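Some notes on the structure that comes next.
Remember, predicted model here, so these are calculated numbers, not experimental data. Lettering of chains follows the sequences in order, A, B, ..., and the numbering in each one begins at 1.
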2 protein chains.
Amino acid sequence: MPLTDGSFKNKKVISIGTVSELTGLSERQIRYYESRKLIFPERSKTGLRKYSFQDIETLIEIANRLEDGVWTNEIRKELKGRKQLAKDPGFTNQLIKGQLNAQIKM
Amino acid sequence: MPLTDGSFKNKKVISIGTVSELTGLSERQIRYYESRKLIFPERSKTGLRKYSFQDIETLIEIANRLEDGVWTNEIRKELKGRKQLAKDPGFTNQLIKGQLNAQIKM
DNA sequence: CGTGTAAGGAATTCTGACACG
DNA sequence: CGTGTAAGGAATTCTGACACG
């Protein structure tokens, strides 16, 4: 199965510092939007937040809505409208292949 | 301009620990392949390596070739065959928009 | 050649809180 | 409400080196 690019978009692998650079938002803001239930990063085993490119797009959208004077409560409702579709259609499979190979090697 | 998914694939935003988890390779191996000129991560301002999803695919490929008993020197040649095409066709533009908005807001 | 590891330091991220408003 | 900051601690990453082979 060919690797469809859509696989990357929802893979949570970016740390908060990088997200901050990419979006222009402060880490404080990014964490706050999470507490407001606008974004849902995953956590590494040790608790570090991990974001996807999709999250970054959502964050930019959130920043734009806030500029318009919209409250996070309202933004949450707006965001709920757009269902986040199928995640991970293929990429993990490829990764597993790579890891299996690595294992078998041992 | 709509955001083409290809934009994500070449964006260097993943740190080495995450790459290690995703590929099953040790950080030592990943850094070594860089010293062998097989992969070319970018660096954050403070020197931390950042990889793209494309790099991850390449790493899995490298691991597979090594299992076949191929030397890094040879793998480098093989990799050179496949030109890494256009990077960043659009994503950065969108990010800049978000950041500009953020700036203007101030 | 390719990879593991201990070593010391630098950079990152986390949480809870005080602050302003 | 949304965001800044200082505080202390925990987790991550970096480089150069010794080791095996």
Counting N and O atoms only, with roles assigned by atom type, does the side chain of S15(A) sit under 3.5 Å from a partner on the main chain of G17(A), one being a donor and the other an acceptor?
no
Reckon Y32(B) has a side-chain N or O less than 4.0 Å from the OP1 or OP2 of dG2(C)?
yes
Taking the six-membered ring for Trp, is the centroid-to-centroid distance between F91(B) and F8(B) below 6.0 Å?
yes
Heavy-atom side-chain proximity of D55(A) to V19(A) below 4.5 angstrom:
no
Using distance alone, with no hydrogens and no angle criterion, decide if T72(B) and K37(B) have a side-chain donor and acceptor under 3.5 Å apart.
no
Rounded to whole Å, the CD-P distance (E67(A) to dG2(D)) equals 14 Å
Residues in contact with DNA chain D, drawn from residues 69-80 of chain A - heavy-atom cutoff 4.0 Å:
W71(A), T72(A)
Measure from CD on E21(A) to C1' on dT12(C) and round the result to the nearest Å.
12 Å
Please examine the side chains of L48(B) and I16(B), heavy atoms only from C-beta on, and report whether any two atoms are closer than 4.5 Å.
no
Looking at side-chain heavy atoms only, is the closest gap between S20(B) and E27(B) below 4.5 Å?
yes
Can you check the I62(B) CD1 to dG2(C) C1' distance for me, whole Å?
13 Å
Name the pairs: protein N/O against N/O of nucleotides 13-17 of chain C, kept only if under 3.5 Å.
{"unit_1": "dT13(C)", "atom_1": "OP1", "unit_2": "S15(A)", "atom_2": "OG", "d": "3.1"}
{"unit_1": "dT13(C)", "atom_1": "OP1", "unit_2": "G17(A)", "atom_2": "N", "d": "3.1"}
{"unit_1": "dT13(C)", "atom_1": "OP2", "unit_2": "G17(A)", "atom_2": "N", "d": "3.2"}
{"unit_1": "dT13(C)", "atom_1": "OP2", "unit_2": "E27(A)", "atom_2": "OE2", "d": "3.4"}
{"unit_1": "dC14(C)", "atom_1": "OP1", "unit_2": "R49(A)", "atom_2": "N", "d": "2.9"}
{"unit_1": "dC14(C)", "atom_1": "OP1", "unit_2": "R49(A)", "atom_2": "NE", "d": "2.9"}
{"unit_1": "dC14(C)", "atom_1": "OP2", "unit_2": "R31(A)", "atom_2": "NE", "d": "3.0"}
{"unit_1": "dC14(C)", "atom_1": "OP2", "unit_2": "R31(A)", "atom_2": "NH2", "d": "2.8"}
{"unit_1": "dT15(C)", "atom_1": "OP1", "unit_2": "R43(A)", "atom_2": "NH1", "d": "3.0"}
{"unit_1": "dT15(C)", "atom_1": "OP1", "unit_2": "R43(A)", "atom_2": "NH2", "d": "3.0"}
{"unit_1": "dT15(C)", "atom_1": "OP2", "unit_2": "R49(A)", "atom_2": "NH2", "d": "2.3"}

In whole angstrom, give the distance that lies between atom OH of Y33(A) and atom C1' of dG2(D).
7 Å
Whole-Å distance between dG2(C) P and R65(B) CZ?
13 Å
Charged N to carboxylate O below 4.0 Å: is that the case for E61(A) and R65(A)?
no
Could you walk me through whether L79(A) and T58(A) pass side chain to side chain contact (heavy atoms under 4.5 Å, CB included), step by step?
CA-CA 8 Å; L79(A) 255 28; T58(A) 301; 3.9 Å; yes
Is there side-chain contact between V13(B) and Y51(B), with heavy atoms separated by less than 4.5 Å?
no
Would you call E34(A)-R49(A) a salt bridge at under 4.0 Å N-O?
yes
With a 4.5 Å heavy-atom cut-off, do S52(A) and K12(A) have their side chains touching?
yes
Which part of the nucleic acid, if any, lies within reach of S44(A) when heavy atoms closer than 4.0 Å are counted: base, sugar-phosphate only, or nothing?
nothing
Dot-bracket, DNA chain C: Watson-Crick or G-U, under 3.5 angstrom, [ ] crossing, | other strand?
.||||.||.|.|.||.||||.
